[in-house]
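Encoded as structure tokens, the structure appears first; notes follow it.
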There are 4 protein chains.
Amino acid sequence: MSTAKQPDPARRNERSRQAILDAARELVTEVGYAKVTIEAIAARAGVGKQTIYRWWRSRGAVIFDSFLALSEGAEGLALPDTGDIEADLKTVMRATVAEFADPGFEAPIRALNSEIINDPELAAQYREKLAGPVDEAKKARLRSAQRAGQLAADADLDLALELLYAPLYQRWLHRSGPLTPEYADALVELTLRAFRP
Amino acid sequence: MSTAKQPDPARRNERSRQAILDAARELVTEVGYAKVTIEAIAARAGVGKQTIYRWWRSRGAVIFDSFLALSEGAEGLALPDTGDIEADLKTVMRATVAEFADPGFEAPIRALNSEIINDPELAAQYREKLAGPVDEAKKARLRSAQRAGQLAADADLDLALELLYAPLYQRWLHRSGPLTPEYADALVELTLRAFRP
Amino acid sequence: MSTAKQPDPARRNERSRQAILDAARELVTEVGYAKVTIEAIAARAGVGKQTIYRWWRSRGAVIFDSFLALSEGAEGLALPDTGDIEADLKTVMRATVAEFADPGFEAPIRALNSEIINDPELAAQYREKLAGPVDEAKKARLRSAQRAGQLAADADLDLALELLYAPLYQRWLHRSGPLTPEYADALVELTLRAFRP
Amino acid sequence: MSTAKQPDPARRNERSRQAILDAARELVTEVGYAKVTIEAIAARAGVGKQTIYRWWRSRGAVIFDSFLALSEGAEGLALPDTGDIEADLKTVMRATVAEFADPGFEAPIRALNSEIINDPELAAQYREKLAGPVDEAKKARLRSAQRAGQLAADADLDLALELLYAPLYQRWLHRSGPLTPEYADALVELTLRAFRP
DNA sequence: TTTTAATCGAGACGGTACGTCCGGTCTTGAA
DNA sequence: TTCAAGACCGGACGTACCGTCTCGATTAAAA
């Protein structure tokens, strides 16, 4: 499952697995990502350190998994579809901007990005488990817009998503500018103009 | 001076400062950002640990400074201006893509981004010392294009730069797709279409 | 038998018992007494750890038993009896000295002594199973000498054995001096003089 | 000093050294030799583990040193000399027997012997620092007896000491018999008879 | 002869300690 | 004062074993 290592039949103790992921999540919010140690996770989870090392490659992998576990149920998500792609995208982008203003999201998301940048394997998992499903939902909405003739029929939807979101993420991560609803709107408008049929 | 601390006099030993920055840069490329330690830097630089703690706030600050020092001379840089903004941008973007393929750039750039994400102070320095000048040069070229009527007169040039570069950086950092010359071209074309007068 | 615990039936797997004792003996000579672990014994014997814990009290008990098993057949041993007690004892003592020079004996004998010093129960077993029979044989020879008028009739034979052997063992265990044939002879001569009729 | 390792000028912190040796001694008497851990010593001494590992090879070496430190002042010791070697030796041997009955001595001495048996380097230190001086004092008394014609002039005094003490030590370590004043007397009488002029 | 109960190999588990590494502070002696 | 050097306290690392605890799968006794 997810970030597992070598040993493992079904011998794995589910109770311990859950306790570890819970402990990791709690600790990240309590002391901050950088100060979470394997030892603290083990202690809080009431688990031997070996049990962590047996099933995860690294501290980053545990913490990553603890985030994964959170958004497990977010499978069948779908974007609003009012027929007006511009309005719908603005709604979604403004929501994202609002999310980024929540200080409770700050630490975990920055932590996640640090980890992803330096660990290709976690990056792959991130794409597969977290970004993938969300992007798929977004692309579904864009495809619907294509069918409605609001987007070029040959538009590269991955590229479209990048144009929409990458500037937003970068600005937030680098703190290189304010994240306002107007900014969200501007990104939507520019992207739609770029991909107009 | 860059990331300096309190003690300040001109008593500072320039020889040691250089040795530390050199050691830091070498170590990042040799063992990877995450495994560079203050102790290793001090040992390699032939310097006491205290000398590092005296002048820098943190490991990140040293490493960051070691990159800063590299691109110190890149002040008066200018982008090519053939009169054709699309061609010029494609040239520049393709060069960036090529740079990112160089494995020697990999470690430092990822290190830099890790540091920036989690340390607002370093992020500010990054914008001021590294990104700032480069972005200014790029905006100068875009302004020239505006004057030539190739871009909307009211275009937000910061936004334009984000549209051009953020997707590229994100794709590279997250390893979420291939970085090809065609990809560079596509970004240029889309951005220009979005900002067409 | 010997150092057994509670569960007891004849259900015990003889094959495993032998494999464990063999593995223990091999490991002591290979890696040294102090570094032999239950886990290593189990692994080498192809046996579950529980099977060891089921039948032995401690690591020491296993190792001790593995030595016991070795000298099981040494029951009906007898010392040479040429009629000349001095010559016979010198023969035996010189043989002991020679034995101690064999590096293959080193590890097990030191291990045995370590165990005996700190574990009264094993010490009792040692006296009963290992030292006892051998000492009995030696005392038989001394008794024969008493009958021949070569030793005082009221000599305490246990004390005589201690005078003969304790210096030898101590010198070897503490490495406090060379073990030569002459040394063996000297011990015999002194002891006989001390117990002369 | 004594069991030191590699680094060391006079940079060594005497305060820490003392605290470590004190802690080790205390712990041995409190929890028993086998259960004393480096970690516990460091904690009790208020010292980093590294500070122990820097100056000692092993747990055994620390504990050994902590014993050494105890009997540091026992340099100029001398045995009683009433002119009667037999009486004097019996006094001393009976005192030794009495010492061995003290349960407070039990644990440390057995520990010491375990360590010595398996670690040649500690054995050498034991001979040099602990046994050596004491043996020298005993040999001085024997030499005085030689001068008085109570012992053979050519007697090997090391051998004489072994004859006196090795049986006693072995009996105590192996618990192979009672340690009584009469036993002490018997050893003295036998040894003197063996070395009579 | 079938059941049934213990032993067996395997190895995950909660723990403890290991010996190492590094962080950040402090001390020493040379420049 | 700064510097190189490095000892120091502290704490986390990742590993090795401890002794206990499941798991099927033999396997030998009682039914």
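Proteins come first, then strands; the chains are lettered A, B, ... in the order of their sequence lines, and each starts at number 1.
Judged by a 6.0 Å distance limit and a 45° cone about the ring axis, Arg12(A) is positioned over the six-membered ring of Trp56(A).
What separates CH2 of Trp55(B) from C1' of dT2(F) is a distance of 8 Å, to the nearest Å. Protein atom CD of Glu14(D) is 22 Å distant from nucleotide atom P of dC26(E), rounded to whole Å. The distance between atom CZ of Arg44(A) and atom C1' of dA12(F), rounded to the nearest whole Å, is 17 Å. Between the CZ atom of Arg15(C) and the P atom of dG9(E) there is a distance of 10 Å, rounded to whole Å. Atom P of nucleotide dC21(E) and atom CD1 of Ile38(A) are separated by 19 Å, given to the nearest angstrom. One interatomic measurement links the two molecules: CZ of Arg17(A) to P of dC13(E), which rounds to 12 Å at whole-angstrom precision. In this structure, Glu39(A) atom CD and dT16(E) atom P are separated by 11 Å, rounded to whole Å. Rounding to whole angstrom units, CZ of residue Arg57(D) and P of dG19(E) are separated by 12 Å.
The phosphate of dT2(F) has neither OP1 nor OP2 within less than 4.0 Å of any side-chain N or O from Arg54(B). Between dG23(E) and Arg59(B), no contact under 4.0 Å exists linking OP1 or OP2 to a side-chain N or O. Residue Arg12(C) places none of its side-chain N or O atoms closer than 4.0 Å to OP1 or OP2 of dT7(E). Phosphate proximity of dT7(E) to Ser16(C): absent, as no side-chain N or O sits under 4.0 Å from OP1 or OP2. Of the side-chain N and O atoms in Thr51(D), one or more sit less than 4.0 angstrom from OP1 or OP2 of dC9(F).
Each of Asp22(C), Leu27(C), Val36(C) was scored for a side-chain contact (heavy atoms from CB on, under 4.5 Å) with Arg44(C), with one residue passing: Leu27(C).
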Kindly indicate, with the supporting measurements, whether the criterion side-chain contact (heavy atoms from CB on, under 4.5 Å) is fulfilled by Ile117(D) and Ile117(C). CA-CA 10 Å; Ile117(D) 285 179; Ile117(C) 285 179; 3.5 Å; yes
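A residue-by-residue look at Ala40(B) and Asn13(C) shows that Asn13(C) has its nearest nucleotide of DNA chain E further toward the 5' end. Where Thr37(A) and Ala43(B) each meet DNA chain F at their nearest nucleotide, the meeting point lying more 5' is that of Ala43(B).
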Heavy atoms under 4.0 Å is the rule here; annotate nucleotides 21-31 of chain F 5' to 3' with B where the base is hit, S where only the sugar-phosphate is, and - elsewhere. BB----B----
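Note: Ile109(A) CD1 to Glu106(A) CD = 8.5 Å, rounded to the nearest 0.5 Å.
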